[in-house]
**Student:** 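Have a look at this one before I ask anything.
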Number of protein chains: 2
Amino acid sequence: MRSTLQPGLTNRLTKYLRVTQQLIEEGRDAISSKELGDFTGINPVQVRRDLNAIGFSGTRGVGYQAYDLVEAVRSILGLRQTYNIALVGAGNLGSAIASSTILPKRGFVIHDVFDNDASKIGRTVGNVVVKHIDELEKSVAEADEIIGIIATPAHSAQAVAELMVEAEIRVILNYTDVLLHVPSDVDIHRIDPTAQLMHTLYYLTQAEGEEAS
Amino acid sequence: MRSTLQPGLTNRLTKYLRVTQQLIEEGRDAISSKELGDFTGINPVQVRRDLNAIGFSGTRGVGYQAYDLVEAVRSILGLRQTYNIALVGAGNLGSAIASSTILPKRGFVIHDVFDNDASKIGRTVGNVVVKHIDELEKSVAEADEIIGIIATPAHSAQAVAELMVEAEIRVILNYTDVLLHVPSDVDIHRIDPTAQLMHTLYYLTQAEGEEAS
DNA sequence: ATGTGTGAAAAGGTTCACAGCC
DNA sequence: GGCTGTGAACCTTTTCACACAT
């Protein structure tokens, strides 16, 4: 509980956490810095320095104890509680998110799902019953939700974001491709698959131009 | 067409590109480095240095010309062609991805959709007819696809990845939460919303612990 | 042998400060 | 006034090299 960790470090720790959790599910026991590096795209030396920095040690010639590593990282990051999430949009995308196993595995629970389409209200997606968007503020307050997910058509996204801000949501995951305008104390994260594609394709096409050997 | 740009730079350029394209859609004409910084989370000074590095200039007191900026970045990154994509999984998630506007806007076309569920074959998602997964290799070769998206249930993901590798797909976008094991010349990108959440929540909860004023 | 731990050097990013053009 | 352009100091990350434990 000492001073705040650096942004880069915490970001990398979350990556180690996800990879290690998955490897544990595959039945793995010990994990090397090289493996963590391969799966996260982070340099193995950096991995070792990071784990060292949070006071976690491996055994030479073997690697790091997977289960202990997960516990160490979770306790350092303070990720021991679960967070309730408000999801807006009960279409294909919203349904997919609500039934995904990714969120619950990391301590996130889709606690409420909202839509403005009367035909969807009352249906069940994932484990929850879809409510009308008008109930958002009340539900968010009741379930103490600080995270919201926008999975609506693009044209509704800004309006939904404003409702969320009004309801004191602090972090918004935006699955649409519109730029949301919100106060600066609200964190926006856009899920944009093209970001990674563009970056990767640049190197792929570069490499093709250099066929010389 | 000179030497390869640094990874960090290309990565940031894609962010400027996305934000600028969106602002243009909102009718904007000129954009300041501060705005680009706010929407991308990148330091404004860094933004100016980056644009300078690719030889793009703004006008003092005004900012950067949005349309020209998009063109400059696209030509530097070589993102002028369109790429055909093979999408596997025609459930809720696959349908959502196939009908999303994000990909086409950036030059990506969902050209083929596959599933192994007979009841889905022949249906239309987005603009394309769902084919049986057995046709993947042939379709990928015909449409020259080097990008694949996995939007299946988790238990099929590894098998699909292997089919894609077999079909010479080079870049895989993985929407499931399994760790895919593939040869190292294949790029895997996992769409994981929790990465950003965990990182953000760490700072949010830290801040709460420091209520001192 | 294999994989951690760590010093030292180099590269990349961030921040401050300020000059210069609209 | 507003915002770009850039030098200089500083911090973070990457990489090389090698000692050391199992």
Side-chain angles (χ1 to χ4, degrees), chain A residues 2-16 19-20 23 28-70 72-73 76 184 195 199 202-203 206, chain B residues 2-16 19-20 23 28-70 72-73 76 184 195 199 202-203 206:
Chain A
R2 217 77 282 282
S3 63
T4 308
L5 302 176
Q6 294 172 343
L9 175 56
T10 57
N11 201 17
R12 293 193 299 278
L13 288 175
T14 62
K15 295 183 181 168
Y16 308 150
V19 169
T20 308
L23 286 171
R28 295 289 307 282
D29 210 45
I31 302 179
S32 72
S33 59
K34 175 163 185 317
E35 276 178 300
L36 283 170
D38 285 346
F39 283 116
T40 56
I42 296 165
N43 189 306
V45 180
Q46 182 78 334
V47 174
R48 298 202 288 276
R49 282 193 209 280
D50 286 342
L51 296 184
N52 231 253
I54 62 168
F56 187 77
S57 300
T59 43
R60 305 189 182 202
V62 179
Y64 299 89
Q65 218 43 47
Y67 185 79
D68 296 351
L69 196 160
V70 168
V73 172
I76 284 279
S184 62
H199 185 232
Y202 171 73
Y203 288 97
Q206 281 297 105
Chain B
R2 218 77 283 279
S3 63
T4 308
L5 304 176
Q6 295 171 343
L9 175 57
T10 57
N11 200 18
R12 293 192 298 276
L13 288 175
T14 61
K15 294 182 181 170
Y16 307 150
V19 168
T20 309
L23 286 171
R28 295 290 307 281
D29 210 45
I31 301 180
S32 72
S33 59
K34 174 163 188 318
E35 275 177 301
L36 284 169
D38 285 347
F39 282 117
T40 57
I42 295 165
N43 188 306
V45 179
Q46 180 79 332
V47 174
R48 297 202 290 275
R49 284 192 207 281
D50 286 342
L51 296 183
N52 229 251
I54 63 168
F56 187 78
S57 301
T59 42
R60 304 182 185 210
V62 179
Y64 299 90
Q65 219 42 45
Y67 185 79
D68 296 351
L69 197 160
V70 168
V73 172
I76 284 278
S184 63
H199 185 231
Y202 172 72
Y203 288 99
Q206 281 297 105

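Note that the coordinates shown come from a computational prediction; the quantities given were computed from them, not determined experimentally. Values reported hereafter were calculated over all heavy atoms of this structure, with side chains retained and with hydrogens, waters and symmetry mates removed. Chain letters run A, B, ... following the sequence lines, proteins first, then strands; residues in each count from 1.
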**Student:** Over how many whole Å does the gap from B:Q46 atom CD to D:dC10 atom C1' extend?
**Tutor:**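 Taking atom C1' of D:dC10 as the reference, CD of B:Q46 is at 14 Å.
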**Student:** Identify the two heavy atoms, one from A:Y202 and one from B:L5, that lie closest to each other, and give their separation to 0.1 Å.
**Tutor:**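 Answer, listing the atom of A:Y202 first, then B:L5: OH-N, 3.0 Å.
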**Student:** If you take all heavy atoms of A:A72 and A:F56, which pair is closest and at what distance?
**Tutor:**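 That would be CB-CD1, 3.7 Å.
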**Student:** Say you draw a straight line from OH of A:Y16 to CD1 of A:I31; how long is it, rounded to the nearest 0.5 Å?
**Tutor:**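 The CD1 atom of A:I31 is 12.5 Å from OH of A:Y16, to the nearest 0.5 Å.
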**Student:** At what angle, to 10 degrees, do the two end axes of the helix from C:dA1-D:dT22 to C:dC22-D:dG1 meet, given five pairs define each axis?
**Tutor:**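 Axis angle across the helix from C:dA1-D:dT22 to C:dC22-D:dG1, nearest 10°: 30°.
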**Student:** Under 4.0 Å from any atom of DNA chain C, heavy atoms only: list the residues of residues 6-15 of chain B that qualify, in numerical order.
**Tutor:**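 B:Q6, B:G8, B:R12 - these, ordered by number, are the residues of the stretch whose heavy atoms sit under 4.0 Å from the strand.
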**Student:** Hey, where on DNA chain C does chain A first and last touch, going 5' to 3'? Cut-off is any atom under 4.0 Å from a heavy atom.
**Tutor:**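 First-to-last contact on DNA chain C, by the 4.0 Å heavy-atom rule, is C:dT2 to C:dA8.
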**Student:** Apply the side chain to side chain donor-acceptor pair (under 3.5 Å) test between A:R48 and each candidate in A:S57, A:S33, A:S32; give the one that qualifies.
**Tutor:**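 Going through the options one by one, the only one that passes is A:S33.
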**Student:** Walk along nucleotides 16-22 of chain D from 5' to 3' and tag each nucleotide B, S or - by protein heavy-atom contact under 4.0 Å, base first, then sugar-phosphate.
**Tutor:** B--BBBS
**Student:** OP1 or OP2 of D:dG5 versus the side-chain N and O atoms of B:Y64: is any pair under 4.0 Å?
**Tutor:**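 So the side chain of B:Y64 is within the cut-off, an N or O lying under 4.0 Å from OP1 or OP2 of D:dG5.
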**Student:** When you measure from the side-chain N and O atoms of B:N52 to the phosphate of D:dT4, is any distance below 4.0 Å, counting only OP1 and OP2?
**Tutor:**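 B:N52 to D:dT4 OP1/OP2: no side-chain N or O under 4.0 Å.
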**Student:** Any side-chain heavy atom of A:E35 within less than 4.5 Å of one from A:D38?
**Tutor:**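 No - every pair of side-chain heavy atoms lies 4.5 Å or more apart.
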**Student:** Just to verify, what does A:D29 make a side-chain hydrogen bond (donor to acceptor under 3.5 Å, both in side chains) with, not counting sequence neighbours?
**Tutor:**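 A:D29 satisfies side-chain hydrogen bond (donor to acceptor under 3.5 Å, both in side chains) with A:Q65 once adjacent residues are dropped.
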**Student:** Measure from CG on B:L69 to P on D:dC3 and round the result to the nearest Å.
**Tutor:**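 Distance check: B:L69 CG to D:dC3 P gives 16 Å.
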**Student:** Using a heavy-atom distance cut-off of less than 4.0 Å, which residues of residues 30-44 of chain A contact DNA chain C?
**Tutor:**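 Those residues whose heavy atoms fall under 4.0 Å from DNA chain C, taken from residues 30-44 of chain A in numerical order, are A:S32, A:S33.
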**Student:** Please report the shortest heavy-atom distance between A:A30 and A:V62, naming the atom on each side.
**Tutor:**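 Looks like CB-CG1, 3.9 Å.
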**Student:** Assess whether side chain to side chain contact (heavy atoms under 4.5 Å, CB included) is satisfied between A:L36 and A:T20, documenting all intermediate values.
**Tutor:** CA-CA 8 Å; A:L36 283 170; A:T20 308; 3.6 Å; yes
**Student:** Could you tell me the separation between the CD atom of B:Q65 and the C1' atom of D:dT4, rounded to a whole number of Å?
**Tutor:**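 Spelled out: CD on B:Q65 to C1' on D:dT4 is 14 Å.
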**Student:** Looking at B:T14 and A:H199, what are the two nearest heavy atoms and their distance?
**Tutor:**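 Taking every non-hydrogen atom into account, CG2-N, 4.1 Å.
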**Student:** At what distance, to the nearest 0.5 angstrom, does CD1 of A:I54 lie from CG of A:D50?
**Tutor:**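 The CD1 atom of A:I54 sits 8.0 Å away from the CG atom of A:D50.
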